[in-house]
Amino acid sequence: MNLNDYVDVAERIAQLKEVFPEASLQPYDPNKPYDIVEVGGKTYVVYTAACYRDPHDVRPGVACAWEQIPGKGMTAGSELMVCETSAWGRAIVAAMKTATKRIASKQEVMAAKARQTTWSMGTDGGIYRDWE
């Protein structure tokens, strides 16, 4: 997997504002911007984002993302923010209706990779990260 194949959310926001200067990113339901759910014995924060192209947009791009709580690695302590950013990136893709072979953002791929990191016990009793 090559991270250079993925666009980060900041770049997607810049592209959005270039095409739709009045665009805004908001929670799909402002009264309940996120939810906490349990699936398969694990707890997740779920965020649904809406990307409005202009103040009168009646059909915004809508997308969801979820992040396990507690997060692991670099997402620990910032699960809601990571989740929100991922949902924004996906909502932008939906709103712009652009052809992309990579819907996931660079941040999502990096977070997924961090979740897959494994650790091993060394012969000296230390704990070490396993590298690919």
Side-chain angles (χ1 to χ4, degrees):
M1 166 184 13
N2 183 354
L3 284 178
N4 292 330
D5 292 340
Y6 293 87
V7 176
D8 71 14
V9 176
E11 187 174 335
R12 285 188 179 168
I13 291 171
Q15 292 168 348
L16 173 69
K17 288 296 197 170
E18 192 173 297
V19 177
F20 299 103
E22 294 184 89
S24 67
L25 295 164
Q26 302 173 31
Y28 184 69
D29 180 355
N31 295 315
K32 190 173 186 181
Y34 67 92
D35 200 5
I36 305 293
V37 299
E38 189 170 320
V39 177
K42 296 180 180 177
T43 305
Y44 296 87
V45 59
V46 180
Y47 187 94
T48 303
C51 177
Y52 294 89
R53 291 165 281 250
D54 62 60
H56 308 290
D57 193 349
V58 295
R59 296 185 55 94
V62 176
C64 296
W66 70 352
E67 191 69 31
Q68 188 173 349
I69 301 172
K72 297 177 184 170
M74 64 187 218
T75 66
S78 58
E79 298 86 355
L80 178 57
M81 288 76 75
V82 170
C83 183
E84 179 184 49
T85 301
S86 295
W88 283 355
R90 290 172 173 271
I92 290 168
V93 170
M96 292 185 67
K97 301 178 184 131
T98 54
T100 179
K101 54 184 195 173
R102 306 281 189 230
I103 293 174
S105 67
K106 188 177 282 188
Q107 288 94 334
E108 286 181 272
V109 174
M110 290 170 60
K113 198 168 179 85
R115 285 192 300 272
Q116 295 170 359
T117 299
T118 57
W119 301 84
S120 298
M121 177 79 69
T123 55
D124 62 356
I127 298 176
Y128 300 93
R129 180 177 179 175
D130 292 335
W131 298 95
E132 295 179 357

(message) Could you go through V45 and V82, starting from their C-alpha distance and side-chain angles, then the distance that decides it, and tell me whether this counts as side chain to side chain contact (heavy atoms under 4.5 Å, CB included)?
(response) CA-CA 10 Å; V45 59; V82 170; over 6 Å; no
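- Note: the hydrophobic cluster containing V62 does not contain V37 (ILVMFWY, side chain heavy atoms under 4.5 Å, direct or indirect links).
- Here the NZ atom belonging to K72 is positioned 10.5 Å from the CD atom belonging to E67, to the nearest 0.5 angstrom.
- For the side-chain hydrogen bond (donor to acceptor under 3.5 Å, both in side chains) test, residues two or more places apart in sequence or in another chain that qualify with S24 are Q26.
- Summarising the geometry, atom OG1 belonging to T43 is positioned 11.0 Å from atom CH2 belonging to W66; distances are rounded to the nearest 0.5 Å.
- Between the CZ atom in R90 and the SG atom in C51 there is a gap of 14.5 Å [rounded to 0.5 Å].
- Under a cut-off of 6.0 angstrom, the local environment of CD in E38 is crowded, with over 12 non-hydrogen atoms contributed by other residues, nucleotides or ligands.
- When all heavy atoms are compared, the tightest approach of A65 to A87 is CB-N, 3.6 Å.
- Counting only heavy atoms from C-beta outward, the side chains of P33 and Y47 approach each other to under 4.5 Å.
- When all heavy atoms of A94 and G61 are compared, the closest pair comes out as CB-CA, 3.9 Å.
- Residues A91 and A63 approach most closely at N-CB, 3.4 Å, considering heavy atoms.
- To the nearest 0.5 Å, atom CG of residue L25 and atom CD1 of residue I92 are 4.5 Å apart.
- Between K17 and E22, the shortest heavy-atom contact is NZ-C, 4.3 Å.
- Judged by distance alone, the side chain of R12 and the main-chain N or O of V93 form no donor-acceptor pair under 3.5 Å.
- Going from atom CD1 of I36 over to atom CG of L80 covers 7.5 Å, rounded to the nearest 0.5 Å.
- By the neighbour-count criterion of 12 heavy atoms within 6.0 Å, atom OH of Y28 is sparsely surrounded, having that number or fewer from other residues, nucleotides or ligands.
- Environment of OH in Y34: sparse, with no more than 12 heavy atoms of neighbouring residues, nucleotides or ligands closer than 6.0 Å.
- A continuous path of ILVMFWY side-chain contacts below 4.5 Å connects M81 to I69, so both sit in one hydrophobic cluster.
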(message) Applying side chain to side chain contact (heavy atoms under 4.5 Å, CB included) to F20 and M96, what does each step give before you reach the verdict?
(response) CA-CA 9 Å; F20 299 103; M96 292 185 67; 4.2 Å; yes
